[in-house]
Amino acid sequence: MTATASVWLVYHLSGSPFAVGLIYFAGQIPVLILAPFAGVWIDRVDGLKVVRLTQVLGMLQSAAMAAFTFWGHMTVPALFWLTLWQGLINAADFPARQTLTYQLAGERSLLDNVIALNSVTFNLARLIGPAIAGFIIAAWGPGVCFTIDAVSYSAVLVSLSAVRLLPRALRKTVPHPWADLKEGVRYCWTHPRIRPILTLVPVIALFGFGHSILAPVFAKDVYLGDARTLGFLMSATGVGSVLAGIYLGTRKSAEGATRIMVWGGIIGGVGMAAIGGLNNFTLALIAFGAAGMGGALVMVAANTSLQTTVEDEKRGRVMSIFTMGQGFFPLGSLVIGGVAESWGPRWSIAACGAVCIVAGAVFSRKN
């Protein structure tokens with residue numbers, strides 16, 4: 001809901017596709033820069049405590065978003081800095097959550113299903129949240145979305161307080177953090193299964209979510225709609241992601257993850273290419289769903305493959321580099337927003353689709 005409200009608000013304030021990309025950039029660039037360093041820290045501390053702390057900080061950030069909006073002080077620069085604050089929180093929160101997934105699964109044989117089901121819950125929120133946000137924004141404004149978000153952290157904190165995990169095995173030696181970071185990067189680069197995955201992920205992060213970045217532009221300028229139109233487009237993306245998660249959650253093993261990543265790139269690319277050429281809103285919803293499905297297939301299959309491959313003592317560092325790869329999204333948002341401003345949203349989204357199709361094909365040849 002907050003993500004939908006934020007992009008709608010910035011486009012309402014500025015009327016600029018580039019400003020929409022700038023807000024996405026602010027929310028993700030800290031993840032790109034800081035996630036590897038956070039991974040070194042997470043390999044040394046209790047990940048559960050880290051996640052509890054990030055949720056408290058996230059609650060304060062959402063409350064500030066609501067206050068600025070209700071008091072009439074929200075501007076594009078203010079929204080940029082508040083979104084950057086959330087990005088800093090996410091730089092620690094995302095890799096910490098990834099390490100908790102392995103601990104919560106309990107058994108390695110269940111890990112791929114747990115990761116997929118975790119994706120289903122996340123994408124159900126992406127399905128339901130934007131649709132609700134669209135109607136709330138139309139009725140009461142984006143400030144109500146931010147307020148609901150702030151209050152919802154209470155439930156998260158209560159849930160986290162009830163989690164009990166066995167302590168992780170202590171590392172025999174704890175080298176200097178810089179040496180730890182270099183060891184993690186070297187491990188990823190030389191591992192024959194991990195390296196190709198961590199090469200594909202940033203490409204998809206750069207270009208595979210152009211439909212989400214440009215959704216406000218398509219909703220308002222292409223389909224001549226309002227916040228509810230944006231909610232439908234974002235929810236269609238969520239439907240595709242949920243279907244991908246359900247498929248992956250019913251699989252019996254992590255085998256075949258490479259093939260799934262290839263198909264994910266192709267399906268997502270075809271979906272975005274179709275968005276660029278469609279005038280019919282109903283068909284566009286299907287194309288947005290395909291684009292959402294493709295992105296989810298790549299990211300969830302990559303997560304599963306990494307989690308079942310990596311050594312436990314390097315998990316935080318490897319998953320932080322995976323998170324950094326996902327963090328290339330803000331660079332893509334700036335590029336896509338800038339191209340859309342110059343060439344129009346249709347050409348921009350079609351180009352994103354073409355890149356994803358090529359990336360999937362190249363990845364298939366290397367594996």
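Applying the side-chain contact (heavy atoms from CB on, under 4.5 Å) criterion to Leu60, with sequence neighbours excluded, gives Trp85. Listed by chain and number, the residues in a salt bridge (charged side-chain N to carboxylate O under 4.0 Å, His left out) with Asp93 are Arg97 (sequence neighbours excluded). Scanning for side-chain contact (heavy atoms from CB on, under 4.5 Å) contacts around Ala290 gives Ile267, with sequence neighbours left out. In this structure, the side-chain contact (heavy atoms from CB on, under 4.5 Å) partners of Leu206, at least two apart in sequence or on a different chain, are Phe328, Leu331. Residues satisfying the side-chain contact (heavy atoms from CB on, under 4.5 Å) test with Val358, not counting sequence neighbours, are Val362. Taking the side-chain hydrogen bond (donor to acceptor under 3.5 Å, both in side chains) definition, one finds that Ser16 meets it with Glu341, sequence neighbours left out. Every side-chain hydrogen bond (donor to acceptor under 3.5 Å, both in side chains) that Ser62 has, sequence neighbours left out, goes to Asp149.
Counting all heavy atoms, side chain and backbone alike, Gly208 lies closest to His211 at O-CE1, 3.3 Å. Shown here for Gln61 and Ile89, the closest heavy-atom pair between the two residues is CB-CD1, 4.4 Å. Across every non-hydrogen atom of Cys145 and Ile136, the tightest pair is SG-CG2, 3.7 Å. Shown here for Ala274 and Ala287, the closest heavy-atom pair between the two residues is CB-CB, 4.0 Å. Annotation for Gly292 and Ser241: closest pair O-OG, 3.2 Å, computed over non-hydrogen atoms. Listed here is the closest heavy atom pair of Leu34 and Leu88: CD1-CD2, 3.7 Å.
With a 4.5 Å cut-off between side-chain heavy atoms of Ile, Leu, Val, Met, Phe, Trp and Tyr, the cluster of Ile286 takes in Leu278, Leu283. Leu157 belongs to a hydrophobic cluster whose other members, connected by ILVMFWY side-chain contacts under 4.5 Å either directly or through intermediates, are Val56, Met59, Tyr153.
When the side chains of ILVMFWY residues are joined at heavy-atom separations under 4.5 Å, either directly or via intervening members, Leu200 and Val310 end up in a single hydrophobic cluster. Val31 and Val50 sit in two unconnected hydrophobic clusters of ILVMFWY residues. Membership requires side-chain heavy atoms under 4.5 Å apart, directly or through other members. Under the 4.5 Å side-chain contact rule for hydrophobic residues, Trp81 and Val20 share a cluster.
Considering only heavy atoms from C-beta on, Arg317 comes within 4.5 Å of Glu183 through its side chain. A 4.5 Å side-chain heavy-atom check between Ile204 and Phe209 finds at least one atom pair inside the cut-off. Looking at heavy atoms from C-beta onward, Ser305 lies out of side-chain contact with Thr258 at the 4.5 angstrom threshold. At a threshold of 4.5 Å between non-hydrogen side-chain atoms, the residues Ser212 and Thr237 count as touching. Residues Ile260 and Tyr247 meet the side-chain proximity criterion, which asks for heavy atoms closer than 4.5 Å. With a 4.5 Å cut-off on side-chain heavy atoms, Trp343 and Ser348 do not count as touching. Phe80 is listed as a side-chain neighbour of Leu22, based on a closest heavy-atom distance under 4.5 Å. Side-chain contact between Asn303 and Met319 is present, with heavy atoms from C-beta onward closer than 4.5 Å.
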Mind running side chain to side chain contact (heavy atoms under 4.5 Å, CB included) on Met65 and Leu79 for me, showing each step along the way? CA-CA 8 Å; Met65 294 273 283; Leu79 187 56; 3.6 Å; yes

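Pairs engaging residues 14-36 under the salt bridge (charged side-chain N to carboxylate O under 4.0 Å, His left out) rule: none recorded [sequence neighbours left out]. Here side-chain hydrogen bond (donor to acceptor under 3.5 Å, both in side chains) pairs that include residues 64-76, with residues two or more places apart or in two chains, number zero.
Side-chain contact, Asp221 with Tyr11: a donor N or O sits under 3.5 Å from an acceptor N or O.
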Do any side-chain atoms of residues 185-192 form donor-acceptor pairs under 3.5 angstrom with protein atoms, and if so which ones, sequence neighbours left out?
from   : atom 1 : to     : atom 2 : distance (Å)
Tyr187 : OH     : Glu311 : N      : 3.4
Thr190 : OG1    : Arg186 : O      : 2.8
His191 : ND1    : Arg193 : N      : 3.2
His191 : ND1    : Ile194 : N      : 3.4

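Leu13 contributes atom CG, which lies 8.0 Å from atom CE of Met74 (distance to the nearest 0.5 angstrom). Here the CZ atom belonging to Phe68 is positioned 12.0 Å from the CZ atom belonging to Phe146, to the nearest 0.5 angstrom.
Within 6.0 Å of atom CZ in Phe281, more than 12 heavy atoms from other residues, nucleotides or ligands are found, so the atom counts as buried in its surroundings. In the displayed structure, Arg228 atom CZ is contacted under 6.0 Å by at most 12 heavy atoms of other residues, nucleotides or ligands.
Counting only distance, with no hydrogens or angles, the side chain of Ser342 and the backbone of Val339 share no donor-acceptor pair below 3.5 Å.
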